[in-house]
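Working notes for the structure below.
Residue numbers start from 1 in every chain, and the chains themselves are labelled A, B, ... in the order their sequence lines are given, proteins ahead of strands.
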Amino acid sequence: MDYYTFSKYGLQVRELDIRHTVESAQPLTFYADYDLGKGLLSYVGGNGQVNANFTGTSKNCAVRFDSRGLSAARKDFVERFRLKDDMADIYENIATDDFMRSAIKNYRGMRITLNDPWETTLCFIVSQYNNVKRIRLIIKRFVKEFGSDVVDSNGKVVGKSFPTSERLTEFSEADFRRCGAGFRAKYIAKAAECCTNNIDLYKLRKNDYDGLKENLMTISGVGDKVADCIALMGYGKMEAFPIDVWVKRTLEKVYFKGKDKKIGYLHKFAEDRFGAYSGQAQQYIFWQGRNL
DNA sequence: ACCCAGGCGGGCG
DNA sequence: CGCCCGCATGGG
């Protein structure tokens with residue numbers, strides 16, 4: 001059973017809570033413009049500018065796009081918000097206990113977004129030892145400073161595209177520091193160079209999860225946690241389970257009486273418990289844990 | 001003022 | 001290998 005159908009000016013969607021999805025710290029939402037009070041979200045997708053207008057509830061919402069470029073916007077949106085996912089099956093498989101059931105109840109409709117691999121890489125390099133608000137600030141500065149103009153059919157500038165790795169090789173560590181990247185500026189300069197001249201992130205799409213993660217971790221500034229975030233939100237590897245401070249803290253509190261557990265142990269715990277849907281489970285644990 | 005943030009690389013034992 | 005430390009910066 002599909003979770004979306006085409007409507008005249010957009011889509012009719014079930015199980016999509018745009019607020020929780022946008023607010024739960026995912027790459028798209030680090031630089032998209034939105035006014036959730038008015039149900040507005042706009043971003044530059046793979047098929048150009050998308051302006052979406054939401055009405056309804058998380059159980060059943062209507063999404064309306066500009067009539068111009070409607071089919072491209074629909075296509076982009078379906079991929080971006082993973083509307084083909086079988087949410088009933090996902091909920092059923094990750095609702096393993098009271099804590100998970102409660103998290104799902106609180107944030108039902110929160111989706112994992114699928115983003116461009118390089119965008120995701122840059123966003124999560126910036127995310128390390130940082131907070132969500134400041135990640136957004138820095139990423140927005142990168143788009144503003146280094147992105148190129150996106151124009152509509154009349155030549156009018158409607159937004160800025162996310163800067164490619166190649167584009168960033170035209171700039172230096174000092175330029176990235178000026179955007180507030182701090183000590184991560186060095187990682188970014190190296191990563192941009194690496195992803196332009198050594199690794200083709202788009203060819204890594206053919207890898208399975210293990211091979212992908214191994215390749216990603218050769219990039220400067222990409223360790224275990226960031227690699228899992230990129231695998232999950234940049235490549236759609238739903239079995240990835242990123243463990244940040246919040247997820248670690250929450251797992252230990254809920255399942256291990258607050259006792260310290262090693263990252264490797266927690267990865268195995270998640271794999272056994274959530275399996276192929278670990279990534280979706282992680283997003284609920286992360287957001288519930290942060291808001292406890 | 002002080003503390004923390006979706007961690008990582010490097011150095012040391 | 002595992003452990004520990006420093007790290008830029010802005011908001012609470």
Side-chain angles (χ1 to χ4, degrees), chain A residues 20-32 103 107 110-115 117 119-142 144-145 171-195 199 213-235 237-238 240-254 260-268 270 274 278-292:
Chain A
H20 296 321
T21 304
V22 162
E23 289 183 342
S24 64
Q26 304 195 43
L28 167 70
T29 65
F30 286 148
Y31 62 89
Y107 304 114
M110 180 167 64
R111 301 275 189 149
I112 298 291
T113 58
L114 180 61
N115 307 271
E119 289 181 19
T120 310
T121 301
L122 181 62
C123 285
F124 281 107
I125 288 175
V126 167
S127 81
Q128 64 171 83
Y129 197 47
N130 211 338
N131 60 63
V132 175
K133 190 158 191 164
R134 221 170 74 82
I135 297 165
R136 286 208 177 96
L137 178 69
I138 296 167
I139 293 298
K140 286 210 173 212
R141 285 174 182 163
F142 267 74
K144 183 163 181 271
E145 293 296 316
F171 299 89
S172 68
E173 191 183 325
D175 297 311
F176 306 146
R177 277 182 190 271
R178 251 171 258 131
C179 292
F183 65 89
R184 308 164 198 84
K186 187 178 292 180
Y187 302 152
I188 295 167
K190 282 188 177 179
E193 202 277 330
C194 175
C195 294
I199 293 184
K213 189 170 172 182
E214 189 181 333
N215 275 282
L216 292 173
M217 285 178 67
T218 65
I219 301 168
S220 175
V222 179
D224 178 80
K225 188 269 174 183
V226 168
D228 270 327
C229 284
I230 302 169
L232 178 62
M233 300 177 209
Y235 291 84
K237 300 294 189 189
M238 194 56 101
F241 190 81
I243 303 176
D244 72 316
V245 287
W246 294 104
V247 171
K248 182 172 187 292
R249 204 178 280 166
T250 307
L251 289 178
E252 288 167 349
K253 180 179 173 187
V254 174
D260 183 68
K261 293 289 171 189
K262 291 188 169 56
I263 298 294
Y265 182 88
L266 294 175
H267 272 305
K268 175 119 179 48
F274 306 116
S278 289
Q280 188 66 259
Q282 173 274 161
Q283 197 65 11
Y284 282 94
I285 295 165
F286 167 65
W287 207 238
Q288 175 76 357
R290 262 192 54 130
N291 299 121
L292 280 179

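Between A:Phe183 and A:Tyr129, the two ring planes are tilted [angle within 30° to 60°].
Heavy-atom neighbours of A:Lys261 NZ from other residues, nucleotides or ligands within 6.0 Å: above the threshold of 12. Residue A:Lys190 places its NZ atom among 12 or fewer non-hydrogen atoms of other residues, nucleotides or ligands, all under 6.0 Å distant.
Atom C1' of nucleotide B:dC4 and atom OH of A:Tyr129 are separated by 7 Å, given to the nearest angstrom. Between the P atom of B:dC8 and the CG atom of A:Asp244 lies a distance of 10 Å, rounded to the nearest Å. We find that CZ of A:Phe183 is positioned 7 Å from C1' of B:dG7, with the value rounded to whole Å. One can place CD1 of A:Ile138 at 16 Å from P of B:dA5, the figure rounded to the nearest angstrom. The CZ atom of A:Arg290 sits 10 Å away from the P atom of B:dA5 (whole-angstrom rounding). For the pair A:Tyr187 OH and B:dG9 P, the computed distance is 6 Å after rounding to whole Å. Atom pair A:Lys190:NZ and B:dG7:P shows a separation of 20 Å (rounding to whole Å applied). Atom CE in A:Met217 sits about 10 Å away from atom C1' in B:dC8, given to the nearest Å.
When the ring pair (Phe, Tyr, Trp, His ring centres under 6.0 Å) test is applied to A:Tyr31, the partners found at least two apart in sequence or on another chain are A:Phe162.
Panel note: side chain A:Gln26, backbone A:Asn115; no donor-acceptor pair is recorded below 3.5 Å. Looking only at distances, a side-chain donor or acceptor of A:Thr21 sits under 3.5 Å from a matching main-chain atom of A:Arg111.
Take the nearest nucleotide of DNA chain B for A:Val222 and for A:Cys229: the residue whose nucleotide is more 5' is A:Cys229. Nearest-nucleotide positions on DNA chain C place A:Lys262 closer to the 5' end than the other of A:Lys262 and A:Gln128. Comparing A:Ile219 and A:Ile243 along DNA chain B, the residue whose closest nucleotide (by nearest heavy atom) sits nearer the 5' end is A:Ile243.
Among the protein residues, A:Lys133 comes within range of the sugar-phosphate backbone only, with heavy atoms under 4.0 Å from sugar or phosphate atoms but none that close to a base.
Mapping heavy-atom proximity under 4.0 Å, the span of DNA chain C touched by chain A runs 5' to 3' from C:dC3 to C:dG12.
When the P atom is compared between B:dG11 and C:dA8, the two are found 15 Å apart, to the nearest whole Å.
For the 3.5 Å distance criterion, the side chains of A:Ser127 and A:Asn130 fail to qualify, holding no donor opposite an acceptor.
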